[in-house]
Amino acid sequence: TPGTWLTARESFSSNSGRILKSHIDVTLMVPAQNSQAASVEMMPEDTLVALSRLLKALRACQTAQDAMTMVLDNVHQTFEFEVAWLGMYDRINHQLITRGCHSPPHLRSIRTVLPLTPGDVMEQVVIQQRPLIIADLQNEIRSGEWGGIAKQLSLQSALIFPIKRQDTCFGLVVLASSQWGITPSLGDRAYLSILLGNLADRIDHEEAAQQRLQTKRFEQPFFTLLGR
């Protein structure tokens, strides 16, 4: 997919503690349609290097579920949110399927299936495929299932981010905090956009492979009949 190549350089210290002039170049691919692409240059170089390593590990994952788990673990460790949740979008039934969650021990289990209702914030992000920042999740009348979770844990700020590739939304990541009005920086949003965009590529690759396999299985009996 056409996009922008950005380069970070990882510096290495000598024994004396001084920074050497030699560097290792690390490249990141930012989709051209990504509105956060210009903000990547605001990210510290060590963050870009760490992100590049993470993307390399992401591509090495055996399954899309392994990739989702890796991404969710990283997001929960990187950002100051008590809750980090990832759900896949079921296009046929218009609902979200929980695929991973980090939360305090006393949080009740989030339902596996979260139906989307017309006008709620989750549906809005799925349809518009744009991140949504909510200052107070408890008092957001369109928060749906997340309104109850927010009241139980006294959560307020939330960031809902789509897992998308081109015009397809594969799911959502929800980050929630007990602090009011947290607004992620442009650099943070760029980090999430790149990371989740690469996750979407991994999911798309697996879905395409499954479809090819199903087509092959369907065609085999058909050609067997033709050969009789």
Side-chain angles (χ1 to χ4, degrees), residues 3-11 19 23 25-58 67-87 100-104 121-122 124-126 128-140 142-143 146 149-150 153-165 169-201:
T4 303
W5 288 99
L6 298 177
T7 301
R9 290 183 172 84
E10 182 177 6
S11 301
I19 301 298
H23 302 84
D25 289 341
V26 180
T27 55
L28 297 173
M29 186 61 179
V30 182
Q33 70 272 19
N34 188 341
S35 61
Q36 305 296 338
S39 303
V40 174
E41 296 180 0
M42 300 174 60
M43 295 165 57
E45 288 193 357
D46 57 345
T47 300
L48 286 175
V49 171
L51 178 57
S52 178
R53 290 172 176 169
L54 177 61
L55 298 183
K56 182 178 180 180
L58 187 65
M68 289 182 231
T69 300
M70 178 181 293
V71 166
L72 195 62
D73 289 347
N74 176 266
V75 169
H76 185 246
Q77 294 169 6
T78 303
F79 299 96
E80 297 181 357
F81 289 90
E82 289 93 323
V83 174
W85 174 90
L86 188 152
C101 181
H102 285 285
S103 61
V121 291
M122 301 296 169
Q124 177 181 334
V125 177
V126 167
Q128 296 182 356
Q129 299 185 24
R130 295 178 181 175
L132 182 63
I133 298 173
I134 300 176
D136 188 351
L137 191 59
Q138 293 186 50
N139 295 314
E140 171 56 59
R142 301 174 302 148
S143 60
W146 281 95
I149 296 172
L153 286 180
S154 299
L155 298 173
Q156 294 188 330
S157 297
L159 172 62
I160 308 172
F161 220 103
I163 304 170
K164 68 171 186 174
R165 183 180 185 276
C169 180
F170 292 98
L172 302 178
V173 165
V174 178
L175 304 175
S177 169
S178 58
Q179 298 182 47
W180 184 89
I182 292 181
T183 302
S185 68
L186 291 177
D188 288 344
R189 279 177 272 178
Y191 181 100
L192 284 168
S193 184
I194 294 171
L195 179 58
L196 298 182
N198 278 265
L199 175 59
D201 287 342

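A quick note: this is a predicted structure, and the numbers were derived from the prediction, not measured. The residues of the chain are indexed from 1 along the displayed sequence.
Atom CE of Met68 sits about 7.0 Å away from atom CD1 of Ile163, to the nearest 0.5 Å. A distance of 14.0 Å separates CZ of Arg189 from CG of Leu196, quoted to the nearest 0.5 Å. Note: Leu153 CG to Ser103 OG = 7.0 Å, rounded to the nearest 0.5 Å. The structure places CG of Asn198 at 4.5 Å from CG of Leu55, a figure rounded to the nearest 0.5 Å. Taken from OG in Ser143 to CD in Gln138, the straight-line distance is 9.0 Å, to the nearest 0.5 Å. Between atom OH of residue Tyr191 and atom OG1 of residue Thr78 there is a gap of 4.0 Å, rounded to the nearest 0.5 Å.
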Phe79 and Leu192: CA distance, side-chain angles, deciding distance, side-chain contact (heavy atoms from CB on, under 4.5 Å) verdict:
CA-CA 10 Å; Phe79 299 96; Leu192 284 168; 3.8 Å; yes
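Partners of His102 by side-chain contact (heavy atoms from CB on, under 4.5 Å), not counting sequence neighbours, listed by chain and number: Leu72, Asp73, His76, Ala84. Considering only residues two or more places apart in sequence or on other chains, Arg142 meets the salt bridge (Lys or Arg N to Asp or Glu O under 4.0 Å) condition with Glu140.
Proximity of Val83 to Pro104: side-chain heavy atoms (C-beta onward) are separated by under 4.5 Å at one or more points. You'll find the side chain of Val75 stays beyond 4.5 Å of the side chain of Phe161, heavy atoms only.
When the options Leu86, Val173, Ile194 are evaluated for a side chain to side chain contact (heavy atoms under 4.5 Å, CB included) with Leu199, the one that passes is Leu86.
Remark: side-chain polar atoms of Ser185 are paired, donor with acceptor, to backbone N or O of Asp188 under 3.5 angstrom.
Minimum interatomic distance between Leu58 and Leu195 (heavy atoms only, all atoms of both residues): CD2-O, 4.3 Å. Pairing each heavy atom of Asp136 with each of Leu155, the nearest pair is OD1-O, 4.4 Å.
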Which atom pairs, donor and acceptor, lie under 3.5 Å between side-chain atoms of residues 174-183 and protein residues at least two apart or in another chain?
unit_1	atom_1	unit_2	atom_2	d
Ser177	OG	Glu82	OE1	3.3
Ser177	OG	Gln179	N	3.1
Ser178	OG	Glu82	OE2	2.6

